[in-house]
Amino acid sequence: MSHKRTEISILIESESERENVLIQGWVRTRRDSKDFFFLELNDGSCIKNLQVVVTREISEFETLKSIRTGSSVSVFGNLVASKGKGQKWEARAKEVELLGDSPENYPLQKKRHSLEFMREISHLRPRANMFGAVFRIRSRLSFAIHRYFQENGFFYVNSPIITASDCEGAGDLFKVTTIDLHEPPRSEDGLIDFSQDFFSQKTYLTVSGQLEGEAFATSLGKIYTFGPTFRAEKSNTSRHASEFWMVEPEIAFCDLQQDMDCAESFVKWVTREVLDTCQSDLELFYNFVDKRLEERLRFVVELPFHRVSYTEAIEILHASGKKWEYPVAWGANLQSEHERYLTEEHFKSPVTVYDYPKEIKPFYMRTNDDEKTVAAMDVLVPGIGEIVGGSQREERLDVLLENMKHHCISEEDYSWYVDLRRFGSVPHAGFGLGFERLLMFITGMGNIRDVIPFARTPGRI
RNA sequence: UGCCCUGUAGCUCAGUGGUAGAGCAGGUGACUGUUAAUCACUUGGUCGUUGGUUCGAAUCCAACCGGGGCAGCCA
């Protein structure tokens, strides 16, 4: 067969009947009659299946009995108006070839499976409707992120994945080494001698591209990074993964207000883009995952996010009359239960909380005039909690050095970062957005492991 | 890391002290258009592992292993 296959996404949308088309895909289900059978074919190009009618007239009819759910097939035939109800088009097969058989123990049956079971077959689950939809949307969302930034004057920077910074203030790191773990070189004091390691020092997988992003924002103006990020915390929750993707824009000549504006317009724009381009995939989530998802996405796109200062948020939590597992007190971190109350019950919308206490935030955040708070902000969304964390960065050399001393961060190790304040320092700001958390929010999927192709979590790879 | 739940057929699950069951999938047959097709018949199990209690354990106990939920840490 020298024909090129036509994707089902194209055939489904066809304006007219078509002769001699080649359709290749995987069988979702088969329905038998005496002299013919129906195949429901999916090729991954869209969530919809194409119904194929195979009649006894075609050669090989008897041998095609072994076509089952999961089999891969090649069908050559005509696209015609369907005689049955439920679909506009169907393919009438002239030739059918079984490419790959699928024995009876094919794990993906034509029924609902638990998400837990699907995680155990992560190599096959993209063939299931829900996961096909998740990963097509994931692709569109990635593209939307690039479009948003590219069309708004940002440059894409590839920050390094291997780094030497061991305390960027964002959790535990995975070590990168070529040292023989059974017989490591040791220095005189008996400790492992990392000067003999590959990079002549300790190195790690990145937990954030922010610091490198700042170097490029203070030269190219507006940049974003979008890449894999690694955290070695043993977090066992539905919204943490050891390897995930993070979007980190960094903007020169920018204060916290503009930073919050950017985060909000970004979340709104990419959400609208997915709404506009992934309608049929989204319908699966509206129907089977979260009945109120569509309403919530429209709401996010159309209405402004609420903005409250940390201090106001504490007052709201005090005034709620709720009993908290963790006490609400100015100066303490907002706990999950507090964030959920703000976004899910009090405001019932995304909320941007800003101006956090200085003591609970990292060294690089800009100290406000009150000396007690920093210009930090978090965007909280219903169902997930924190989706964006950002800040205006401390651009004043003396204040930054003082903060570093306070946080016990060696000036020597970060001399290049401090240089950005020594030479032509400018106010700048940025944020980090968890890509998978945004994808969870948009699809309504409740577990981060179900929106990552092959999820890595503590104790499981 | 802490607390809690869970493990029975390829999948979803019932069986809570007397020796293993259903639906779907698979197989065989029926049906001229089905839509998770339907109908009839049918194959299929070291009940997570190891040890213990008992005349007898899927069921009770212990340890271990796997899975999940919530919390902390964060994106």
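Being a predicted model, the structure only gives us computed values, none of them experimental. Chain A is the first sequence line, chain B the second, and so forth, proteins listed ahead of strands; every chain is numbered from 1.
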message: Please enumerate all residues that pass salt bridge (Lys or Arg N to Asp or Glu O under 4.0 Å) together with A:Glu57, with sequence neighbours excluded.
response: none
- line: A:Arg239 CZ to B:C70 P, in whole Å, measures 8 Å
field: Pair assignment for B:G44, Watson-Crick or G-U wobble, requiring both distances under 3.5 Å
entry: none
Point-to-point distance, once rounded to the nearest 0.5 Å, from OG of A:Ser391 to CE of A:Met365: 4.0 Å
message: Syn if the chi torsion is within 90° of 0, anti otherwise; quick check, which is B:U16?
response: syn
- prompt: When you check every protein heavy atom under 4.0 Å of nucleotides 1-15 of chain B, what one-letter string (B, S, -) results, 5' to 3'?
  reply: B---------BS---
message: Give me the distance, rounded to whole Å, that separates B:A63 from B:C24 when you measure between the C1' atoms they each carry.
response: 36 Å
- prompt: What does A:Val388 touch in the nucleic acid at a heavy-atom separation under 4.0 angstrom: a base, only the sugar-phosphate, or nothing?
  reply: sugar-phosphate
query: With a 4.0 Å cut-off on heavy atoms, is A:Arg28 in touch with a base, just the backbone sugar-phosphate, or nothing at all?
result: nothing
task: Using a heavy-atom cut-off of under 4.0 Å over every strand shown, decide if A:Gly84 touches base, sugar-phosphate, or nothing.
output: base
statement: With the side chain defined as heavy atoms from C-beta on, A:Ser238 is closest, among B:U34, B:G66, B:G69, to B:G69
Presence of salt bridge, A:Lys268 and A:Glu264, under 4.0 angstrom: yes
- request: Considering just the side-chain nitrogens and oxygens of A:Thr29, establish if one lies under 4.0 Å of OP1 or OP2 belonging to B:A37.
  value: yes
task: With the side chain of A:Lys34 defined as its heavy atoms from C-beta on, choose the nearest nucleotide among B:G66, B:U34, B:C31.
output: B:C31
- prompt: Is a donor-acceptor pair below 3.5 Å formed from side chain A:Arg437 to base B:C74, judging by atom type as modelled?
  reply: yes
B:U19 and B:G15, which share atom name C1', separated by this distance in whole Å: 13 Å
task: Would you mind reading off the distance between A:Gln210 atom CD and B:A75 atom P, rounded to a whole angstrom?
output: 9 Å
query: Rounded to the Å, how far apart are A:Glu436 CD and B:C74 P?
result: 19 Å
field: B:C13 to B:G7 separation - P atoms, rounded to the nearest Å
entry: 10 Å
- line: Whole-Å distance, A:Leu334 CG to B:A71 P, equals 15 Å
task: For A:Gln335, answer base if it contacts any base atom (sugar-phosphate contacts may also be present), sugar-phosphate if it contacts only those atoms, and nothing otherwise; contact means non-hydrogen atoms under 4.0 Å.
output: sugar-phosphate
field: A:Phe174 CZ to A:Arg231 CZ distance, which is reported to the nearest 0.5 Å
entry: 11.0 Å
statement: Rounded to whole Å, CZ of A:Phe38 lies from P of B:U32 at a distance of 12 Å
query: Want to settle it: does A:Ile387 or A:Gly459 sit nearer the 5' end of RNA chain B, counting the closest nucleotide to each?
result: A:Gly459
query: When rounded to the nearest Å, what value does the distance between C1' atoms of B:C73 and B:G66 take?
result: 25 Å
message: Can you tell me the base-pairing partner of B:A71? Count Watson-Crick or G-U wobble geometry only, both distances below 3.5 Å, and say none if there is no partner.
response: B:U1
field: Partner nucleotide of B:U38 by Watson-Crick or wobble geometry (both distances under 3.5 Å)
entry: B:A30
query: Rounding to the closest angstrom, what is the interatomic distance between B:U54 and B:C64 at atom P?
result: 24 Å
query: Looking at A:Phe226, A:Phe266, A:Phe143, A:Phe155, which one forms a ring pair (Phe, Tyr, Trp, His ring centres under 6.0 Å) with A:Phe149?
result: A:Phe266
message: Measuring to OP1 and OP2 of B:G72, would you say a side-chain N or O of A:Ser336 lies under 4.0 angstrom away?
response: yes
message: For a quick check of understanding: with a heavy-atom distance under 4.0 Å over all strands, which category does A:Arg56 fall into, base, sugar-phosphate or nothing?
response: nothing
- line: Of A:Thr206, A:Leu205, A:Ile161, the one forming a side-chain contact (heavy atoms from CB on, under 4.5 Å) with A:Val176 is A:Leu205
task: Provide the distance between the two C1' atoms, one in B:A58 and one in B:U1, to the nearest whole Å.
output: 33 Å
- request: Take A:Glu339 and A:Glu386 through the side-chain contact (heavy atoms from CB on, under 4.5 Å) test and state the conclusion after the steps.
  value: CA-CA 8 Å; A:Glu339 295 183 346; A:Glu386 184 178 346; 4.3 Å; yes
message: Taking any heavy-atom pair under 4.0 Å as a contact, classify A:Thr229: base, sugar-phosphate, or nothing.
response: nothing
message: By the 4.0 Å heavy-atom rule, please label A:Tyr326 as base, sugar-phosphate, or nothing.
response: sugar-phosphate
query: A:Asp32 near the nucleic acid: base, sugar-phosphate alone, or nothing, with a heavy-atom cut-off under 4.0 Å?
result: base
task: Could you say whether A:Glu325 or A:Arg119 is positioned toward the 5' end of RNA chain B, judged by the nucleotide with the nearest heavy atom to each?
output: A:Arg119
- prompt: Should the pair A:Trp269 and A:Tyr148 be assigned to parallel (<30°), tilted (30 to 60°) or perpendicular (>60°) ring geometry?
  reply: tilted
task: Spell out yes or no: do the side chain of A:Glu40 and the base of B:U35 have one donor N/O and one acceptor N/O closer than 3.5 Å?
output: no
task: Describe, in one word, how the ring planes of A:His113 and A:Phe117 are oriented to each other, choosing from parallel (under 30°), tilted (30 to 60°) and perpendicular (over 60°).
output: tilted
Below 4.0 Å: OP1/OP2 of B:A25 and any side-chain N or O of A:Arg30: no
message: At 4.0 Å (heavy atoms only), tell me whether A:Glu243 reaches a base, stays on the sugar-phosphate, or touches nothing.
response: nothing
Distance between P atoms of B:G29 and B:U59 (Å, rounded): 41 Å
query: CD of A:Glu339 versus C1' of B:G72: gap in Å, rounded?
result: 12 Å
field: Under 3.5 Å: donor-acceptor pair, side chain of A:Asn78, backbone of A:Val80
entry: no
- prompt: Which of the following nucleotides, B:A71, B:G67, B:C74, is nearest to the side chain of A:His240?
  reply: B:C74
message: Nearest to the side chain of A:Thr237, heavy atoms from C-beta on, is which of B:A75, B:G68, B:C73?
response: B:C73
field: Base of B:U34 paired with side chain of A:Gln87 (donor-acceptor, under 3.5 Å)
entry: yes
Contact under 4.0 Å: A:Asn129 side-chain N or O vs B:A36 OP1/OP2: no
task: Check the angle between the aromatic planes of A:Tyr310 and A:Tyr356 and answer parallel, tilted or perpendicular using the 30° and 60° thresholds.
output: tilted
- request: With C1' as the reference atom in both, quote the distance from B:G44 to B:G27 in angstrom, rounded to an integer.
  value: 11 Å
message: Stacking between B:G33 and A:Phe36, yes or no? Criterion: centroid separation under 5.5 angstrom, plane angle under 30 degrees.
response: no
task: Examine B:U34: is either OP1 or OP2 under 4.0 Å from a nitrogen or oxygen in the side chain of A:Arg31? Give yes or no.
output: no
Counter-base of B:C60, judged by Watson-Crick or G-U geometry with both distances under 3.5 Å: B:G52
B:G7 - base-pair partner by Watson-Crick or wobble geometry, distances under 3.5 Å: B:C65
- line: The side-chain contact (heavy atoms from CB on, under 4.5 Å) partners of A:Arg136 (sequence neighbours excluded) come to A:Ile47, A:Ala133, A:Asp281
task: May I have the distance from A:Lys110 (atom NZ) to B:U34 (atom C1'), rounded to whole angstrom?
output: 11 Å
- prompt: Taking CZ from A:Phe435 and C1' from B:A75, how many angstroms apart are they, rounded to a whole number?
  reply: 13 Å
